[in-house]
Amino acid sequence: MKRITIAATLGLGFACVAAGTMMAVAQAPSKLHNSKVTTQYLEPKYEQIYLKLKRRQILEELDALLSPVRLKHEITLSVEEGDESCKGPNSYYSPEEYKLRLCYSWFDFLENEASVEFKRNPGEPFTDLTPGLVPGFTRAEVILGGTVGVTLHEMGHAIFHIQGIPRLGREEDAADMIAGFMMMQFGSSVALTTIKGTYNVWHHFNALDLRNNKSVPSPAAEADVHSLSGQRAVNFLCMAYGGDPATFNQLADALLPPVRKPNCANEYHQADIAFRKTVLPDIDQELMKKVRAMKILRPEDFKL
Ligand SMILES: [Zn+2]
């Protein structure tokens, strides 16, 4: 996925023209800031999304989330239109540039595809082949969860790379695991919103793939470096149910195949141990307490 960068300007935003692109750079007003982090918002054709993300200070919030981490290299966080990799709904981390790129295309996709109810014929049930908004979920949950989900997934790639953490397994799965684990660290309300939204996003992609390939996963999806979209949806929900069964029991009963449920506590425990052994040694505990007290989702975020 994508990158984000922040630069200090005496607390005042300024704009400059670079290579034909208006680049707005502003000092992070957040009290929590990682000195290794730079952020940038590149103004795109998606002007409304650009303004919304900038106003919401999504990069500054990601910077704050990273503030307890003793990063072994500088990193740039960027929201941008990007190159070919940003054309589809995407975001990515570029290790050669130490740059985490959040693509505007991803936010456009969340607002206009994944969170939109798919029109069905009268009496037609919602199935694995139905894209769009999952019944019982809200647009806000999908947009917020899909935003947090992609951001934490890319942050996972960045932390693995910068901190030199080995991945005994597929990196894309590991990035999902750390993203799901982090969603669970800010209380049950944040966990519920972000997991539901993330589940909906991967359900949507899975439904599109099945619709385009006669109800089975396409060969391209099966060969991809990512797990199948349907698996990613279930993986996030299982992690959540394993970590907080009281909050996620109802959702798990509705959406998690019974064959998977008994293993979910183990899966959360595995992620917990891995986080403690590989990430936690380079985390400032006092700053971590402040981060966990952050309101990463605010009431106004739900007013869409
Ligand atoms: Zn990834």
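Counting starts at 1 for both ligands and their atoms, in listed order.
Using a cut-off of 2.8 Å, one finds that His226 contributes no N/O/S atom close to the Zn ion (ligand 1).
A donor atom on one side chain and an acceptor atom on the other are found under 3.5 Å apart for Arg260 and Asn235.
The name of the N, O or S atom in Glu172 nearest to the Zn ion (ligand 1) is OE1.
Within 6.0 Å of atom NZ in Lys72, more than 12 heavy atoms from other residues, nucleotides or ligands are found, so the atom counts as buried in its surroundings.
Geometrically, Lys52 does not engage Phe107 in a cation-pi contact defined by less than 6.0 Å to the ring centre and at most 45° from the axis.
The NE2 atom of His157, the Zn ion (ligand 1) and the NE2 atom of His153 define an angle of 100° (nearest 10 degrees).
Between His153 and His157, the distance separating the two ring centers is shorter than 6.0 angstrom.
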